[in-house]
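Start at 1 and go down the list; that is how both ligands and their atoms are numbered.
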Amino acid sequence: MRISIVTGASSGMGREFAKQIDALKENDEIWIVARREERLNELKSQLKTACRVFPLDLTKQEDIDILISALASSGGEVKYLVNSAGFGKFGDWSEVSRENVNGMIDLNAKALVNITASVLPYMKRGSRVIEMCSVSAYLPLENFSVYAASKAFVLSYSYALRAEVRHKGISVTAVCPGWVETEFAACAHNGDKVNGPKRLKPMTSAEKVVKKAVRDACRNKPVSVYGITWKAMHLMSKLLPKRAMMLLWHGMQKRK
Ligand SMILES: NC(=O)c1ccc[n+]([C@@H]2O[C@H](COP(=O)([O-])OP(=O)(O)OC[C@H]3O[C@@H](n4cnc5c(N)ncnc54)[C@H](OP(=O)(O)O)[C@@H]3O)[C@@H](O)[C@H]2O)c1
């Protein structure tokens, strides 16, 4: 049985990945994971491929264990693993709560690594890992520091993992979008008085970002970046000193 697993499938890009992987018709089952069960059931009713709903909080190890136990008893092989669950909170070091700081590290970095390492034994030649990263992985971001650091971790991990599993014929692609129209921005806003960027532009649709990500994963690309602005930023981050890039971001912050 061929299974694909998509985390963060109740919303935004995760939801879009589930739809686009469904359209590939390469799977016997798609497993969709997030906390909001009703959203997952609604998505299930829209997919043509058989679907299993996992209402799990991935910051809890016992919930990750439920997913992996189900995989062990299924006897299936995993075609696509998409780790899209993640969140960010704007604010300086004093404005983001301890709970949210730990949540970003636990979900964006720790859960992603645990799920990836637990699913890899069920992957074969031609299987694909897609790790949701961000353009924020390229540089330290004031007022988004922990989020950007968590994504820098994911980017570094994805490159190294890719080298480790290449001989097995498994691909790893880090997806690095700029701002995308999802629930992410509403969640990131941490109140009007909190430090953060003035505006989030340009915004792209989740559909376009995911379409390119699936295509890039199928072409075995290490990184997927959608849009000219964000490709330029990727290039600049390689050419310019970090300090210059950080000054650019500094200029985009709200003035108080
Ligand atoms: N949108 C952007 O501008 C943007 C840009 C670059 C990178 N990204 C990254 O892209 C990924 C997808 O984000 P998105 O834009 O699609 O945001 P989104 O619409 O807010 O989706 C986030 C998903 O993560 C799930 N999630 C949150 N906390 C969870 C938890 N504790 N356990 C399990 N699932 C959890 C949410 O589901 P529940 O709430 O139902 O659990 C939701 O399905 C994230 O990793 C994000 O960092 C986003």
Side-chain angles (χ1 to χ4, degrees), residues 5-20 31-44 53-67 81-90 99-116 130-139 141 144 146-155 157-158 173-190 196-197 199-210 212-213 223-227 229-230 233-234:
I5 301 175
V6 182
T7 75
S10 64
S11 159
M13 287 183 271
R15 186 180 167 80
E16 194 55 45
F17 269 113
K19 286 183 180 172
Q20 294 196 24
W31 291 11
I32 51 178
V33 188
R35 291 166 303 179
R36 288 171 291 177
E37 189 171 8
E38 67 292 350
R39 290 278 201 100
L40 295 176
N41 281 324
E42 186 201 325
L43 174 63
K44 179 181 177 178
V53 163
F54 289 87
L56 303 174
D57 181 344
L58 298 174
T59 60
K60 296 181 180 158
Q61 185 58 48
E62 60 269 31
D63 280 22
I64 296 180
D65 292 344
I66 291 172
L67 179 70
L81 167 65
V82 183
N83 274 304
S84 192
F87 77 98
K89 288 281 178 196
F90 293 129
E99 191 191 354
N100 280 324
V101 164
N102 289 329
M104 280 185 273
I105 296 168
D106 286 350
L107 184 63
N108 302 358
K110 194 171 158 193
L112 178 142
V113 171
N114 279 333
I115 294 168
T116 305
I130 299 177
E131 308 287 30
M132 276 313 295
C133 200
S134 166
V135 290
S136 64
Y138 307 151
L139 70 154
L141 295 182
F144 215 19
V146 175
Y147 177 75
S150 74
K151 293 300 182 180
F153 173 96
V154 173
L155 185 59
Y157 171 72
S158 303
T173 301
V175 183
C176 294
W179 305 119
V180 187
E181 287 156 14
T182 65
E183 293 172 15
F184 179 85
C187 169
H189 280 297
N190 203 3
R199 58 182 77 87
L200 312 184
K201 286 211 168 126
M203 275 269 181
T204 315
S205 75
E207 190 186 346
K208 286 180 183 165
V209 173
V210 169
K212 175 152 175 54
V223 176
S224 177
V225 185
Y226 179 88
T229 309
W230 309 111
M233 181 159 159
H234 191 186

**Request:** Evaluate the criterion salt bridge (charged side-chain N to carboxylate O under 4.0 Å, His left out) for residue pair Glu183 and Arg15; output intermediate values, then yes/no.
**Result:** CA-CA 11 Å; Glu183 293 172 15; Arg15 186 180 167 80; over 6 Å; no

**Closest candidate by heavy atom, reference atom 11 (C) of ligand 1, pool Ser84, Ala34, Gly8** = Ser84

**Asked** Counting heavy atoms only, which part of Leu200 comes closer than 4.0 Å to ligand 1: side chain, backbone, both or neither?
**Response** neither

**Request:** Would you mind checking which non-hydrogen protein atom is closest to atom 32 (N) of ligand 1, with the distance to 0.1 Å?
**Result:** Leu58 N, 2.9 Å

**Message:** Tell me whether Asn83 reaches ligand 1 (any heavy atom closer than 4.0 angstrom to a ligand atom).
**Reply:** no

**Asked** What protein heavy atom sits nearest atom 18 (P) of ligand 1, and how far off is it?
**Response** Ser11 OG, 3.4 Å

**Request:** State whether the shortest distance between N or O atoms of Met13 and N or O atoms of ligand 1 falls below 3.5 angstrom.
**Result:** yes

**Closest protein heavy atom to atom 14 (P) of ligand 1, given as residue, atom name and distance to 0.1 Å** = Thr182 OG1, 3.4 Å

**Prompt:** Just distances here: any N/O of Ser134 and N/O of ligand 1 closer than 3.5 Å?
**Reply:** no

**Message:** When you measure from the heavy atoms of Cys187 to every atom of ligand 1, does any distance fall below 4.0 Å?
**Reply:** no

**Option nearest atom 8 (N) of ligand 1 (shortest heavy-atom distance, choices Trp179, Trp230, Tyr147)** = Tyr147

**Message:** Measuring from atom 5 (C) of ligand 1, which candidate in Ala111, Ala85, Ala206, Gly178 has the nearest non-hydrogen atom?
**Reply:** Gly178

**Message:** Once you measure the plane-to-plane angle for Trp179 and Trp230, does it fall in the parallel (<30°), tilted (30-60°) or perpendicular (>60°) bin?
**Reply:** perpendicular

**Prompt:** Are any of the heavy atoms in Pro177 under 4.0 Å away from ligand 1?
**Reply:** yes

**Prompt:** With under 30° as parallel and over 60° as perpendicular, where do the rings of Phe184 and Phe144 fit, or are they tilted in between?
**Reply:** perpendicular

**Prompt:** How does Cys133 reach ligand 1, if at all, at less than 4.0 Å between non-hydrogen atoms: by side chain, backbone, both, or neither?
**Reply:** backbone

**Asked** Looking only at heavy atoms of Lys151, does any of them come nearer than 4.0 Å to an atom of ligand 1?
**Response** yes

**Asked** With distance as the sole test, does Asp106 use its side chain to make a donor-acceptor pair with the main-chain N or O of Thr59 at under 3.5 Å?
**Response** no

